[in-house]
Number of protein chains: 2
Amino acid sequence: MSRRIGKKGIPVALDALDTALLDLLQRDASLPVRTLADQVGSSPATCQRRIAQMRESGVLQKQVAIVDRQLVGRPLTVFVSVELDKQNAALLTQFEKRMAAEEDVMACYEVSGEFDFLIIVSAESMAQYHAFTREVFSSNNNVRNFKSMFAMNCSKFETRVPLPPPAGEPA
Amino acid sequence: MSRRIGKKGIPVALDALDTALLDLLQRDASLPVRTLADQVGSSPATCQRRIAQMRESGVLQKQVAIVDRQLVGRPLTVFVSVELDKQNAALLTQFEKRMAAEEDVMACYEVSGEFDFLIIVSAESMAQYHAFTREVFSSNNNVRNFKSMFAMNCSKFETRVPLPPPAGEPA
DNA sequence: TATGAAACCTGATATCT
DNA sequence: AGATATCAGGTTTCATA
């Protein structure tokens, strides 16, 4: 298996303690270090060290607040499939940069299949979304076509990734 | 405009201070209250109160750690379009419950268009994903068909939602 | 070399004006 | 809402295995 390398070339090797901490933090990043220590059966100092290391290596990217999109005035989630006209590397990158710059774009994936990109957009209203597409897709020469799929209901939205048990360490 | 109602029937009315705090916390939930206070031009006590209120009302759902999926051994993201056989309310709910129970399922949206659901799955490997589909989709009588779209590259992944300026308050 | 215990110091929380 | 006081939690140091 290829060894995983994180930020600043730091090799990433998570043991059982690391994964236990990550799992807890993915559920609730506001847990006191002391509580974490209790839960994983270690000391606050050690937990803190491990967390700092994982931050360093980039495994632990950040901790963020998750808001209720309905309550915050962003009730619309739209999945947009985008097909580009020309797909040379420079133009793909250009498109990605454009998406990265748009605040309403929550995610941008290059995908296999019938089209090139799948974009996830968060919008205030249909009118606002319409204006967005006009500006971002319709006026982009390299966008051959795009199709919008509207989320009518979201029954699950999870940021937490299940963590595989630590890969068998060399004996 | 319909007034927004949060958890426990608490009406949600965010002013400029609230949105400023939410915006900061969506970027970095580990910021000390004191820093928040400085940034938004208020006192720590007030900021803390506002944050507690937003937690109460459900606007602020939780704070979580975001991990690097590559580095953590979950390199595969798959978008699955699912078409059900029968779409009565009970069966839709049953399907959603099943998705909610699956750890690999990051999101489940009911969507408009050619199919019924769009599922976002995080997987360890192609083999593991294949096993997942067999168990979750192929052996579900009510799934008419499903199609997998594989993310080849993720150029943007954002949990932060742009916050509209506070709606015009009554004079 | 990494861990756990304890001291220290910063930030969260509650009370009061 | 803001200032202050109290207390809990994060952070560092040191001793240890």
Side-chain angles (χ1 to χ4, degrees), chain A residues 3-67 163 165-171, chain B residues 7-8 10-67 71 163 165-166 169-171:
Chain A
R3 210 172 160 77
R4 290 192 280 266
I5 303 296
K7 255 188 353 189
K8 179 59 198 156
I10 302 172
V12 174
L14 305 173
D15 66 7
L17 180 57
D18 293 316
T19 46
L21 288 170
L22 274 188
D23 189 59
L24 288 169
L25 289 172
Q26 279 193 104
R27 294 170 197 268
D28 185 353
S30 71
L31 291 174
V33 181
R34 204 172 185 147
T35 306
L36 293 174
D38 291 346
Q39 300 257 353
V40 302
S42 181
S43 73
T46 298
C47 289
Q48 175 135 306
R49 261 186 290 257
R50 296 304 190 92
I51 291 170
Q53 283 166 16
M54 293 193 289
R55 244 183 239 291
E56 250 327 91
S57 70
V59 181
L60 187 43
Q61 294 186 322
K62 56 182 172 176
Q63 55 193 80
V64 301
I66 304 294
V67 305
L163 297 175
E169 280 134 42
Chain B
K7 254 187 359 185
K8 178 60 201 157
I10 303 171
V12 174
L14 304 172
D15 66 8
L17 179 57
D18 293 316
T19 46
L21 288 170
L22 273 188
D23 190 59
L24 288 170
L25 289 172
Q26 280 193 104
R27 295 169 197 269
D28 185 353
S30 71
L31 292 173
V33 180
R34 187 165 182 161
T35 308
L36 293 173
D38 291 347
Q39 300 258 353
V40 302
S42 182
S43 73
T46 297
C47 289
Q48 175 132 308
R49 259 188 290 259
R50 296 304 190 95
I51 292 170
Q53 283 165 17
M54 292 194 288
R55 244 184 238 292
E56 240 343 79
S57 69
V59 181
L60 186 43
Q61 294 185 322
K62 54 182 174 179
Q63 55 193 84
V64 300
I66 304 293
V67 305
L71 294 181
L163 297 175
E169 279 132 46

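Below, each value reflects all heavy atoms present in this structure, side chains not excepted, and no hydrogens, waters or symmetry copies. The chains referred to below are lettered A, B, ... by the order of the sequence lines, with proteins before strands, and numbering in each begins at 1. Remember, predicted model here, so these are calculated numbers, not experimental data.
- Rounded to whole Å, atom P of D:dA1 lies 11 Å from atom CG of B:Leu21.
- At whole-Å resolution of the value, CG in A:Leu36 and P in D:dA8 are 18 Å apart.
- Taking atom CG on A:Leu31 and atom P on D:dA8, their separation rounds to 18 Å, with Å as the unit.
- Although no hydrogens or angles enter the test, the distance criterion places no donor-acceptor pair under 3.5 Å between the side chain of A:Ser42 and the main chain of A:Asp38.
- The CZ atom of B:Arg34 sits 15 Å away from the C1' atom of D:dG10 (whole-angstrom rounding).
- Applying the 4.0 Å criterion to OP1 and OP2 of D:dG2, one finds that B:Ser42 has a side-chain N or O inside that range.
- Across C:dG11, C:dT3, D:dT12, the shortest atom-to-atom separation from the side chain of B:Pro32 is found for C:dG11.
- Nucleotide D:dG9 holds its P atom 11 Å from the CG atom of A:Asp38, rounded to whole Å.
- Here A:Thr46 reaches the OP1 or OP2 of C:dG4: one of its side-chain N or O atoms lies under 4.0 Å away.
- B:Arg50 has its CZ atom 18 Å from the C1' atom of C:dT13, to the nearest Å.
- Distance, A:Gln48 CD to C:dC9 C1': 13 Å, rounded to whole Å.
- The side chain of B:Arg49 sits closest to D:dA1 out of C:dA12, D:dA1, C:dT3.
- Inter-residue side-chain proximity for B:Gln61 and B:Lys7 is flagged as unmet; no heavy-atom pair is nearer than 4.5 Å.
- Between B:Ile51 and B:Leu25 there is a side-chain heavy-atom pair separated by less than 4.5 Å.
- Going from atom CD1 of A:Ile51 over to atom P of C:dA2 covers 17 Å, rounded to whole Å.
- Side-chain proximity of B:Ala45 to D:dG2, C:dA12, D:dG10: nearest is D:dG2.
- Using modelled atom types, one side-chain atom of B:Asp18 and one backbone atom of B:Asp15 make a donor-acceptor pair closer than 3.5 Å.
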